[in-house]
Amino acid sequence: MPETMPKNFDFQEAEARLYEWWQSNGWFKPEAALPDAEPFVISMPPPNVTGALHMGHALFTTIEDIMIRHARMNGKAALWVPGTDHAGIATQLQVEKMLRDEGTSRIEVGREEFMARTWAWKEKYGGTILSQFRRLGASCDWDRERFTLDDGLSEAVRDVFIRLWDQGLIYRGTRLVNWSPGLQTAVSDLEVERDEEQGKLYFFNYPVDGGDFIPVATTRPETILGDAAVAVHPEDERYKHLIGKKARVPMTNREIPIIGDEYVDRAFGTGALKVTPAHDFNDYEIAKRHDLPMINIMEKDGTLNANAGSYAGLDRFVAREKLWADMTAATMTIRVQDHTYIVPRSQRGGEIVEPMLSMQWFLKIQPLAEKALAAVRDGRIQIVPERFEKIYYHWLENIQDWCVSRQLWWGHRIPAWYGRNGEIHVGKQPPLDGRDWTPEQDVLDTWFSSGLWPFSTLGWPENTPDLARFYPTAIMETGYDILFFWVARMIMMGLWFTDEAPFHTVYLHGLVRDKLGRKISKTLGNTIDPTELIDQYGADPLRFALITGTTPGNDINLDTARVERNWRFVNKIWQMANFVTQNLEGDVPLGAPAHDELDLPSRWILSRLNHLVDSVQRLFATYQYGEAARQIDDFLWSEYADWYIEMSKYPLYQGDDVTKLNARRVLVHVLDQSLRLLHPYMPFVTEEIWKYIPHDGDALIMAAYPQADAAYIDDAAEAQMTLLIDLIRGVRNTRDEYNVEPSRKITAFVNAGSNTTLLEQYSYLFARLCNVATLNIMPFGARAPENAASVVAGDLTAYLPLTDFIDVAAECDRLTKEHAKLDIQIAKSRAMLGNEQFISRAQSDVVEKERVRLAGLEASAGQIAERIASLCQ
RNA sequence: GGACAGUUAGCUCAAUUGGUAGAGCACUCCUUUGACGUGGGAGAUGUUAGAGGUUCGAGUCCUCUACUGUCCACCA
């Protein structure tokens, strides 16, 4: 135990030192627990390997570290598996940008070189984000760190793909998919964001054989070139006579049928719909119903192909303008109007995505989805907060097959080979039949590998000791924004391949927003860099700000003023500890002294502490970390520091050896328990302080989390202290109103009523806490002193002769106001207790509590009334 | 179009199964007494968005309305 504490907490020095100390002692590892300890495992949501720490990361790191540290202190074999995600598209985009800056490109350097460059990039920047997690205090087991492209995880990915193929759940086929022309890859439905934007609606006349025409509207005129039909509602009086006739595609004169289909909305646009099966999801469905040809007019880069006739080679948007101009010249157009419509954009990069026919690999997801639905429905998996279960059900009930192939280079190669005649072989190696087999070029969707994360990181498909001991994991803590992308897929994959739910609880946190509730974005310029806040205030205050004032699933508006306030809280705790350590002499036995040896303030603070511990336990059980933190904060500052420490000064400075030692023991014990309670939230400052106070054990990180001890719950002590605190506050208040200098000692006369013994015993408190030098307990029936202001608490009345001559009128005014306030509360309370229904229906303890409250109010009112009667006639 | 949240003090947010609304910041006044001025003391601030309902009792449960936000969805 170091000798004396520094005056202030040097968090910058201490954070790095403590983190290194914890880690080098192996305390982040589950092996630090007893061999037969129950495991508690969290798989960290792997951040993008090239990402930089943002507030969302800081939030989940904080929450998960709280869960892990709490479990560890409860004796569990706590394991937090860290890692990173290769993040296919995001990373490839970054490396491509780097190549562009170097004046080259992905295509130019070739696949092999590109992969080498990306790995090099990963080695260079991949460590950054996880080292930033360390600064937050994340107690992960770094020896078990994983990366989704590791050998082991890649093996798991191939294994899963092959098994799914063997089970007939993987198929390859030409389907309409979302195509990203810039990235030149397919993306899944989830990766497409649909936003309302201002655009144009183009009206034109479709020529019909026989000289007639039919007006049609479209938002994408270039797709006219790929039209396969014009559809009208079969009962539309305007057009139904045209069904069966032929129309001619503008500018190309290709013949297409006019068909009737109930999908068409007669009220929208012109009521007639051009059908472009190869470039629109709805039209694709119509085409299948009517057996229409799928005419693909686009190349992979978004330029038009030979099917577009003279428009071939033009970019899709250039073609749109040119075709429209040509049609206008041919007097086929009607008008163009402003139109708000939904534009599909890529989640990465933001370019407009095109529905396009393409050969891709798909996973039949239905069988997996059914298992995943059942697991939540029957309670094997609980989602917190519960309302997200509905959203989860809805998505899985309507799920579409998952397009898992991506035309990228950075990722897991699909383990498939093609023979000369187009045969497909799926396996880890091509068949050894002497023939030439060409490997598949595509890679898998990033989320395919992250879906395996909870078990692949523990060694699956090998039956490793880690997998046996630590799978299934306990809690999946992540943001609600990736419920579908990731959580649902982990549940599906986990159930399918391990036959067990990969975790029993999904805890979803909200998004971090700025103090005005706006989304944090670079363009808004409201980004807050967590590391800057850590530099300025330390990790503990940031963690505390992120966890307080938030509830599961709700977004958090982070006000940096809260971080600053918590920095002051950290200092406050430091100073409490400073006081305690300065007042220790010799050996202080650990633990609280026996209850019946203690004075009232000690009985009170220990009762409060045990109520707190009980409450914190309950709150942790229901994931209410913010509320638990708030209560610990409130206890430490408003009860321990403001009252107990102040009251302990009497026994410390004036008490005999026994009371002195008791006060020291209680001071140390309550501080110790509070530090334990607070440690999951503020690991650094609590650990550092713990070194300076008497303790047993190596480190706070491994110390036991407090358990409530009912023997120290003392309602009588709490009631008595409340009375004394009320009286002291009343005296302070009155002094303030009478402008009595704070340094001036005053005398008080107290009519102590039923509390005479209490007052006699603890009159010394008044000297320190409200500068009452002498407290005279008045004999029963004694008259109030002249020229005194009075303070009432319960049936106690204190008379303060504050000046030689008090202002009777002002004092009467004050008393009358006080009395009126009490009267309102008494009236309410009496009405309640006078209500037969309340007495008979409310819980008995609620009624009893109200009776006690009313008695107190009436006693106070009586005291004041008496005072008014004697003073104010 | 469907669903889900939110609306509480000037600001940011709390309020454990319904028991009569709190904290921080900001604000006013006072204060350097042996932990802390990164402190201490005192104070002011609310028809809990609005309207109805259930209940002895509603911020909390139900219905409707308004506004804000999010997710899902095939309107060219």
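Reminder, nothing fancy here: chain letters follow the sequence lines and each chain counts from 1.
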Counting only side-chain N and O atoms of [X], is one of them less than 4.0 Å from OP1 or OP2 of [N]?
X: A/Arg387; N: B/C4; value: no
X: A/Thr551; N: B/A14; value: yes
X: A/Trp637; N: B/G40; value: yes

Given Watson-Crick or G-U pairs with both distances under 3.5 Å, what dot-bracket string fits RNA chain B, with | for other-strand pairs and [ ] for crossing?
(((((((..((((.....[..)))).(((((.......))))).....(((((..]....))))))))))))....
When the distance from [atom1] of [X] to [atom2] of [N] is rounded to whole Å, what number comes out?
X: A/Arg744; N: B/C30; atom1: CZ; atom2: C1'; answer: 16 Å
X: A/Tyr480; N: B/U70; atom1: OH; atom2: C1'; answer: 6 Å
X: A/Trp643; N: B/G41; atom1: CH2; atom2: P; answer: 8 Å
X: A/Asp559; N: B/U12; atom1: CG; atom2: P; answer: 8 Å
X: A/Glu222; N: B/A76; atom1: CD; atom2: P; answer: 14 Å
X: A/Ile342; N: B/C71; atom1: CD1; atom2: P; answer: 12 Å
X: A/Tyr392; N: B/C72; atom1: OH; atom2: P; answer: 16 Å
X: A/Asp195; N: B/C72; atom1: CG; atom2: C1'; answer: 14 Å

Is a donor from one side chain sitting under 3.5 angstrom from an acceptor on the other, for A/Ser638 and A/Asp642?
no
Under 3.5 Å side-chain donor-acceptor pair for A/Glu737 and A/Thr734:
no
Aro-ring/base stack A/Phe268-B/A76, d under 5.5 Å, angle under 30°:
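A/Phe268 ring does not meet the centre or angle cut-off for B/A76; no stack.
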Measure from the ring centre of A/Phe579 to the centre of the six-membered ring in the base of B/C36, then say whether that distance is under 5.5 Å and the planes meet at under 30°.
no
Starting the side chain at C-beta, find the nucleotide from [options] nearest to [X].
X: A/Asp642; options: B/U16, B/G40, B/A76; value: B/G40
X: A/Asn733; options: B/G41, B/A42, B/C74; value: B/A42
X: A/Lys572; options: B/U20, B/C30, B/A35; value: B/A35
X: A/Phe838; options: B/G19, B/G69, B/C36; value: B/G19
X: A/Arg618; options: B/U16, B/C30, B/A14; value: B/U16
X: A/Arg568; options: B/U16, B/C25, B/G19; value: B/C25
X: A/Leu190; options: B/G34, B/A35, B/C72; value: B/C72
X: A/Asn578; options: B/A35, B/G24, B/C4; value: B/A35
X: A/Met832; options: B/G24, B/G19, B/C71; value: B/G19

For the pair A/Phe569 and A/Trp637, name the ring-plane relationship: parallel under 30°, tilted 30 to 60°, perpendicular over 60°.
parallel
Assess the pair [X] and [Y]: is the distance between their ring centroids shorter than 6.0 Å?
X: A/Phe620; Y: A/His70; result: yes
X: A/Tyr206; Y: A/Phe204; result: yes
X: A/Phe11; Y: A/Phe684; result: no

Side-chain touch A/Ser648/A/Tyr640, heavy atoms, less than 4.5 angstrom:
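The answer is no, as the side chains (C-beta and beyond) never meet within the 4.5 Å cut-off.
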Under 4.5 Å between any side-chain heavy atoms of A/Met682 and A/Val570, yes or no?
yes
When you compare [N] with [M], how far apart are their [atom1] atoms, in angstrom units rounded to a whole number?
N: B/U65; M: B/G2; atom1: P; value: 11 Å
N: B/C72; M: B/A58; atom1: C1'; value: 33 Å
N: B/A26; M: B/A21; atom1: P; value: 26 Å

